[in-house]
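In listed order, ligands and their atoms are each counted from 1. As a basis for the values below, the full set of heavy atoms in this structure was taken, side chains included, without hydrogen atoms, waters or symmetry mates.
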Amino acid sequence: MKTSKRVLTALVGAALTFGATSAYAATTLKLSHNHNRDHAVHKAMAAMAKEVKELTDGDVRIRIYPDAQLGTQRESMELMQNGALEMVKTNAAELEAFAPDYAVFNLPYLFRDQAHYFNVKEGEIGEEILASSRDSGFVGVTYYNAGARSFYTSKPINTPEDLKGMKIRVQPSPSAINMVNALGGSPTPLAYGELYTALQQGVVDAAENNIPSFSLSRHSEVSKYFSLDEHTMVPDVLVISTKAYDALSEENREHLKTAAINSMELMKALWAESEQKERARAEKMGVEFVSPNKTAFVEAVQPIYENIESNNPDLHSLVERIKAVQ
Ligand code: GCU
């Protein structure tokens with residue numbers, strides 16, 4: 001497969017580079033993600049990598065591979081589980097298949113507003129979820145704000161009716177699939193890197209994401225209406241293999257956490273800036289931003305919560321705890 005060959009070449013290249021230059025045994029953590037260098041999350045993680053190097057006196061280095069050079073998010077997760085790389089910046093939607101508690105971040109209209117969402121992800125519940133994947137061979141280090149996700153396509157989406165019969169690209173998350181079904185669309189899971197062509201060729205009719213990802217991936221060239229229904233707030237998540245994490249000294253683990261939290265805070269400012277800038281850029285390219293009334297969307301997804309209450313007591317209790325957070 002083309003991707004695995006590319007991945008292998010990059011990994012061998014990296015091994016040779018580090019093998020040749022490291023005179024002492026510094027730990028290098030390879031970090032894969034699927035955004036380009038202009039994306040706010042890349043900048044936040046670059047700041048984290050710099051701080052980790054400083055705090056650990058060069059003992060721990062993070063080398064970032066952007067742009068899905070090492071494969072899609074799913075492939076990167078598998079490479080990390082197999083020990084071929086150490087860290088992945090992914091998101092809660094992708095993680096739902098690995099650790100079910102991440103589902104709460106993929107449920108539509110659960111968070112009342114941004115403050116509620118921040119309090120959940122940065123509080124006790126957020127920490128519990130980051131730790132919940134240990135049995136799958138990795139743990140979460142931090143979350144990065146990734147704003148709210150909305151639908152985009154070649155027409156305005158003002159009510160769920162407008163989504164009827166449309167093939168809508170979703171991430172491979174059972175909650176995202178349920179959401180699109182509840183709204184009357186036809187969910188089509190696809191990797192992020194395949195979406196531009198899929199939209200262009202009509203393999204899918206619509207997609208959903210936040211504004212910076214929509215614009216920086218140039219989906220704005222092929223979808224001219226971005227409808228701000230803001231159905232979910234799905235954080236990006238930085239994860240590390242338990243093998244790599246447990247091999248760090250306790251002090252270096254603390255340095256990693258400090259740098260990660262600082263980059264998470266930095267990301268909030270970078271994100272706000274990026275949302276504004278990328279919206280303006282998309283508008284210049286002829287994208288129209290529509291603000292639908294959200295009531296019908298909120299009502300249409302209620303059966304999802306009824307279903308969780310009857311069939312998934314663990315998830316239901318997590319949802320109730322989240323609702324109780326201020
Ligand atoms: C966001 C997120 C990515 C994810 C992408 C997607 O852009 O930052 O981690 O892959 O959504 O929709 O696939």
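Ring geometry for F226 against Y152 counts as parallel: the plane angle stays under 30°, on a 0 to 90° scale with 60° as the upper cut. Using the six-membered ring where Trp is involved, F105 and Y117 have ring planes that are perpendicular, over 60° apart on the 30 and 60° scheme.
Contacts with ligand 1 closer than 4.0 Å are made by side-chain heavy atoms of R149 only, the backbone lying farther away. Residue contacts with ligand 1 for V234 are absent, since no atom lies close enough (heavy atoms, distance under 4.0 Å). Under 4.0 angstrom from ligand 1, the non-hydrogen atoms of H35 all belong to its side chain. At a heavy-atom cutoff of 4.0 Å, ligand 1 is contacted by the side chain of N209 but not by its backbone.
Counting protein heavy atoms only, atom 3 (C) of ligand 1 is closest to Q73 OE1, 3.4 Å. The protein heavy-atom contact nearest to atom 2 (C) of ligand 1 is D236 OD1, 3.3 Å. At the shortest separation from atom 7 (O) of ligand 1 among protein heavy atoms lies S213 OG, 2.7 Å.
A distance-only check finds no donor-acceptor pair linking the side chain of S215 to the backbone of I211 [under 3.5 Å].
Not a single heavy atom of E94 sits less than 4.0 Å from an atom of ligand 1. Residue K89 places a heavy atom less than 4.0 Å from ligand 1.
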- Task: Might you work through the salt bridge (Lys or Arg N to Asp or Glu O under 4.0 Å) test for R134 and D246, ending with a clear yes or no?
- Result: CA-CA 11 Å; R134 196 164 246 284; D246 294 345; 2.9 Å; yes
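Between E208 and ligand 1, not a single N/O pair is under 3.5 Å apart.
Considering only non-hydrogen atoms, atom 6 (C) of ligand 1 lies nearest to R169 out of H39, R169, E194.
The CE atom of M166 sits 4.5 Å away from the NZ atom of K155 when rounded to the nearest 0.5 Å.
Separation of the H116 and F111 ring centroids falls under the 6.0 Å cut-off.
Shown here is K268, whose NZ atom has more than 12 heavy atoms of other residues, nucleotides or ligands within 6.0 Å.
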